[in-house]
Q: 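Quick one: structure below, then a few questions.
Here the structure is a predicted model, which means the values were calculated and not measured. Positions are given from 1, in the same order as the sequence printed here.
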Amino acid sequence: MLAKFFHKSEPISLISLILVLAVWTFYFHFSILHTSFSWSSLGKVMGIYLLFVLLLILYDYLFQKYRLTPSNHFAIFAVIVFIGFFPDVLQVSPITFSNILVLLSFWKVLSLRKKENGMSKLFDSGILMGISYLVYSNSIIFLLLIYLGYFVYLKIIDKRLLIPLIGFVIPLFLTYTYFMFLDRT
């Protein structure tokens, strides 16, 4: 029933979900965290809110472009409900930036459906996962999902299997080289 409602009223449902996210964000920061109200704190909360709105729009774009769910806004609704259950997510941390990079990497993996430029897509997703690993080290687990997407969309084992791993290692190597050059290893 809820999926039918969100499917039939596309723009209104997205706007209403963004407003629900606004309520969650302001309630969390000003009521649960007891942030004192000032113009600087309001600007900070508005920045966090805009970041998460952009994330929701990116989720919506990916859901619609690759037809990941039959009812696109129901998936956005599920994301907002999980944000409501775990409101500590509404704070900007290295995990937030790592999740953005992982999401962009999955965008590249999902674009493997089209067979053109497969090697560059695999390399780009590996680089994004390497940068995500530098931001938050536990995101290395998502490297396995690149290979899952590789086997689902390309279905062959060949030399392209190493491309995401090479892309993953390049940011790590460049960071190590930079720190070694500055004698901060």
Side-chain angles (χ1 to χ4, degrees), residues 2-25 46-136 138-155 160 163-165 167-168 171:
L2 191 59
K4 272 187 186 179
F5 171 74
F6 283 133
H7 185 67
K8 289 181 181 177
S9 60
E10 294 283 333
I12 296 171
S13 64
L14 184 63
I15 291 170
S16 66
L17 289 173
I18 288 174
L19 290 176
V20 168
L21 179 67
V23 169
W24 279 119
T25 305
M46 284 297 292
I48 292 171
Y49 170 68
L50 290 177
L51 175 71
F52 280 96
V53 165
L54 290 175
L55 274 174
L56 285 182
I57 290 171
L58 183 62
Y59 283 136
D60 187 47
Y61 173 75
L62 290 176
F63 290 148
Q64 285 183 7
K65 181 173 181 173
Y66 297 110
R67 296 182 189 97
L68 297 177
T69 60
S71 177
N72 298 324
H73 293 116
F74 188 68
I76 300 288
F77 175 72
V79 168
I80 291 176
V81 166
F82 281 124
I83 287 174
F85 285 141
F86 307 105
D88 291 334
V89 173
L90 290 172
Q91 295 176 344
V92 178
S93 65
I95 297 172
T96 307
F97 293 116
S98 175
N99 287 339
I100 292 170
L101 292 168
V102 167
L103 187 64
L104 293 174
S105 176
F106 288 158
W107 187 352
K108 291 292 186 180
V109 170
L110 287 171
S111 68
L112 284 173
R113 287 183 179 178
K114 296 180 183 176
K115 302 296 183 198
E116 64 229 16
N117 298 330
M119 290 194 294
S120 67
K121 292 173 185 176
L122 287 171
F123 185 74
D124 291 344
S125 65
I127 282 183
L128 288 168
M129 289 304 290
I131 296 170
S132 174
Y133 173 75
L134 289 174
V135 173
Y136 183 67
N138 288 342
S139 65
I140 194 169
I141 296 169
F142 295 110
L143 187 63
L144 296 174
L145 291 177
I146 293 176
Y147 284 105
L148 180 69
Y150 175 85
F151 288 123
V152 166
Y153 295 124
L154 298 180
K155 296 180 178 122
R160 291 182 285 184
I163 292 174
L165 193 59
F168 180 79

Q: Rounded to the nearest 0.5 Å, what separates atom CD1 in Ile163 from atom CG in Asp124?
A: 10.5 Å
Q: Keeping Asp60 on the side-chain end and Leu56 on the backbone end, is there a donor-acceptor pair under 3.5 Å?
A: no
Q: Might you point out which heavy atoms bring Leu128 and Lys108 nearest each other, and give the distance in Å?
A: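 The answer is CD1-CG, 4.5 Å.
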Q: Can you tell me if Ser125 uses its side chain to pair, donor with acceptor, with the backbone of Lys121 under 3.5 Å?
A: yes
Q: Kindly indicate whether the side chain of Asn117, heavy atoms from C-beta on, has any atom under 4.5 Å from the side chain of Ser120.
A: yes
Q: For the residue pair Phe52 and Thr96, what are the closest heavy atoms and their distance?
A: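 Here Phe52 and Thr96 meet closest at CZ-CG2, 4.4 Å.
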Q: Can you check whether Ser132's main-chain N or O pairs, donor with acceptor, with Ser139's side chain at less than 3.5 Å?
A: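 A pair under 3.5 Å: yes.
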Q: Between Leu58 and Leu54, does a side-chain contact (heavy atoms from CB on, under 4.5 Å) hold up when you go through it step by step?
A: CA-CA 6 Å; Leu58 183 62; Leu54 290 175; over 6 Å; no
Q: For the atom pair CG (Leu55) and CD1 (Ile76), what is the distance rounded to the nearest 0.5 Å?
A: 10.0 Å
Q: Side-chain polar contacts of residues 143-151 - donor-acceptor pairs under 3.5 angstrom, sequence neighbours left out - could you list them?
A:
residue	atom	partner	partner atom	Å
Tyr147	OH	Leu161	O	3.0
Tyr147	OH	Leu165	N	3.4
Tyr150	OH	Ile156	O	3.1
Tyr150	OH	Asp158	OD1	2.7

Q: So, do Tyr59 and Leu103 sit near enough that their side-chain heavy atoms are less than 4.5 Å apart?
A: yes
Q: State, to 0.1 Å, how close Phe63 and Ala75 come at their nearest heavy-atom pair, and which atoms those are.
A: CE1-CB, 3.5 Å
Q: To the closest 0.5 Å, what do you measure between CD1 (Ile83) and CG (Asp88)?
A: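 It is 12.0 Å, given to the nearest 0.5 Å.
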Q: Got a donor-acceptor contact below 3.5 angstrom from the Ser98 side chain to the Pro94 backbone?
A: no
Q: Apply side-chain contact (heavy atoms from CB on, under 4.5 Å) to Leu110 and Tyr153, showing your working.
A: CA-CA 8 Å; Leu110 287 171; Tyr153 295 124; 3.6 Å; yes
Q: Any donor-acceptor pair under 3.5 Å linking the side chain of Arg113 with the backbone of Tyr66?
A: yes
Q: For the atom pair CG (Leu90) and CG (Leu51), what is the distance rounded to the nearest 0.5 Å?
A: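 Atom-to-atom, Leu90:CG and Leu51:CG are 10.0 Å apart.
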Q: Name the residue from Trp107, Phe97, Phe142 that meets the side-chain contact (heavy atoms from CB on, under 4.5 Å) definition with Val102.
A: Phe142
Q: Can you sort out the partners of Tyr136 under side chain to side chain donor-acceptor pair (under 3.5 Å), two or more places apart, ordered by chain and number?
A: Asn138
Q: Going by the angle between their ring planes, with limits at 30° and 60°, are Phe168 and Tyr133 parallel, tilted or perpendicular?
A: tilted
Q: Give, for atom CD1 of Ile127 and atom CG of Leu101, the distance between the pair rounded to the nearest 0.5 Å.
A: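 Ile127 atom CD1 to Leu101 atom CG measures 12.0 Å (nearest 0.5 Å).
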Q: So, for Leu134 and Pro171, which heavy atoms are closest and what is the spacing to 0.1 Å?
A: CD1-O, 3.7 Å
Q: Minimum heavy-atom separation for Arg160 and Leu122, please, with both atom names.
A: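 Distance-wise, the nearest heavy atoms are O-CD1, 3.9 Å.
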